[in-house]
There are 2 protein chains.
Amino acid sequence: MKAETRKDEIIKTAAKLFKEKGFSAVTMRDLASAMGMKAASLYNHIKSKQEILKEIIISLAEEFTHGLELIQKSDISSIQKIEEVVKLHVNITSQNTFGMASLNNDWMHLEEKLDYYLELRSNYEEELRQIIADGVKKGEIIDENIEIMLFSILSTLRSLYLWIPKKDYLNPEKLSQELSTVLVKGINKKID
Amino acid sequence: MKAETRKDEIIKTAAKLFKEKGFSAVTMRDLASAMGMKAASLYNHIKSKQEILKEIIISLAEEFTHGLELIQKSDISSIQKIEEVVKLHVNITSQNTFGMASLNNDWMHLEEKLDYYLELRSNYEEELRQIIADGVKKGEIIDENIEIMLFSILSTLRSLYLWIPKKDYLNPEKLSQELSTVLVKGINKKID
DNA sequence: CAAGTAAACTAACAACTGTTAGTTTTTTTA
DNA sequence: TAAAAAAACTAACAGTTGTTAGTTTACTTG
């Protein structure tokens, strides 16, 4: 754990503002004001507004990519892999709900790093699709439309940043477990 | 069905641009250019940039509110009500994926109509919460955390605007049905 | 075809944008 | 405590923003 630099503080503050109004609507003067300084002073620590966005998004995207790689390799069932993916999202999102807002809504403003981000994202979706497809083949997962199952799970996980701040009385472990139950078993009461 | 006015065309074009870059990043000159005219000419048809956003979002929000009211009143089971809510989202979203992007991401820029929108949204969530709670009480729905079930369903439905354009080979009826299956029954294969 | 209306135009505004250059103040280090 | 480094400042820039005013062009209607 290295100490938090002034740059880190700026990025964290920026992420908070970006979540409230979106990247484009936050000015460098807004950010400076939230930091208690003048806009020009920000440039002693960061290169550009773009760079802030890049730092927020790319580090998160790589965290997801790395996390999924570990899950993919591990020797567990498909359902268990999905449960681990739920944990991955809950953990990363719990630690950085502000950054997750940018990841979800402001990625299109990345410019130079846009292609790299899109590659990470489509690889991520493809790996998760593969986990589901394997589960169907092995008979662990129902033989329904794979795209719909993928979409449903991923939509829920990607929206966590909106809900976790409102329900922070639930700790990450309990949230992961209950969310897995709902996603895997559905909501209907089985008659058995 | 009344004829489409020039104003309607502007709003539709704006919604498309807003989906790509977000409300704040789209300039009136961008919009004018997409309409094949000069920025000043837009003001023959609309009052302000704000008004465009308001027209996009409020009409959609009211459509959802009205739709849910009808479902709420109808004399069907809780699970059937949820299936109808799925249909409601699939239908509205299929007809206006661009507008749904603004509804989800740009509502915070509504200004004068912001409070009204927030009221519609919290009422909507509360009514859906009530449908789920009723289902639990009647034994149709599992006795899990209601907030998590609500969150999971609503997150999936609110993200439809991102997925429907990619999967438009699925017609709304089939999509609604398969999505209901996944949301209600989950993804795991029951051993029976 | 004349008159009225709808819809485009040009030109300009005041405010705001991200960013830079150069300078001063504060904090750390030797 | 002097020197060095970090972090703030003021002033200003060139470009962009939403919007208005006034004018011209195109279409519709009596």
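Worth knowing before you read on, the calculation uses all heavy atoms, side chains too, and leaves out hydrogens, waters and symmetry mates. Protein chains get the first letters and strands the later ones, always in sequence-line order, with residue 1 at the start of each.
- Legend: side-chain hydrogen bond (donor to acceptor under 3.5 Å, both in side chains) pairs involving residues 125-135 of chain B, not counting sequence neighbours, sorted by first then second residue: B/E125-B/R158, B/E126-B/R129, B/R129-B/E147.
- Atom CE of B/M35 is separated from atom P of C/dA8 by 7 Å (rounded to the nearest Å).
- In this structure, B/K38 places its NZ atom 23 Å from P of C/dA6, rounding to the nearest Å.
- Straight-line distance from the CG atom of B/L31 to the P atom of D/dT16: 18 Å, rounded to whole Å.
- For the pair B/K113 and B/Y117, the NZ or CZ position fails the cation-pi test of under 6.0 Å to the six-membered ring centre and within 45 degrees of the ring normal.
- Here D/dT17 presents its P atom at 7 Å from CG of B/D30, a figure rounded to the nearest Å.
- Taking A/Y161 as the reference, nothing meets the ring-ring contact (aromatic ring centres under 6.0 Å, His included) condition, with sequence neighbours excluded.
- The interatomic distance linking B/K7 (NZ) with C/dA7 (P) rounds to 12 Å, in whole Å.
- The distance from atom NE2 of B/H45 to atom C1' of C/dA7 is 5 Å, rounded to the nearest whole Å.
- Each of A/L162, A/L88, A/I164, A/L175 was checked for a side chain to side chain contact (heavy atoms under 4.5 Å, CB included) with A/T93, and the lone residue meeting it is A/I164.
- Checking the phosphate oxygens (OP1, OP2) of D/dA7, no side-chain nitrogen or oxygen of A/S41 falls inside 4.0 Å.
- For the ring-ring contact (aromatic ring centres under 6.0 Å, His included) test, residues two or more places apart in sequence or in another chain that qualify with A/F151 are B/W163.
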What does the list of N/O pairs under 3.5 Å between the protein and nucleotides 23-29 of chain C look like, with a distance for each?
none

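- Atom C1' of nucleotide D/dA6 and atom CD1 of A/I10 are separated by 12 Å, given to the nearest angstrom.
- In the model, B/T5 has a side-chain atom that pairs as donor or acceptor with a side-chain atom of B/D8 under 3.5 Å.
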In B/S/- notation, 5' to 3', how is nucleotides 18-29 of chain D contacted by protein heavy atoms closer than 4.0 Å? BBBB--------
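- Within 6.0 Å of atom NZ in A/K138, more than 12 heavy atoms from other residues, nucleotides or ligands are found, so the atom counts as buried in its surroundings.
- The distance between atom CG of A/D8 and atom P of D/dA6, rounded to the nearest whole Å, is 15 Å.
- A cation-pi arrangement, defined by a distance under 6.0 Å to the six-membered ring centre and an angle within 45 degrees of its axis, is absent between A/K54 and A/Y116.
- With sequence neighbours excluded, no residue satisfies ring-ring contact (aromatic ring centres under 6.0 Å, His included) with A/F98.
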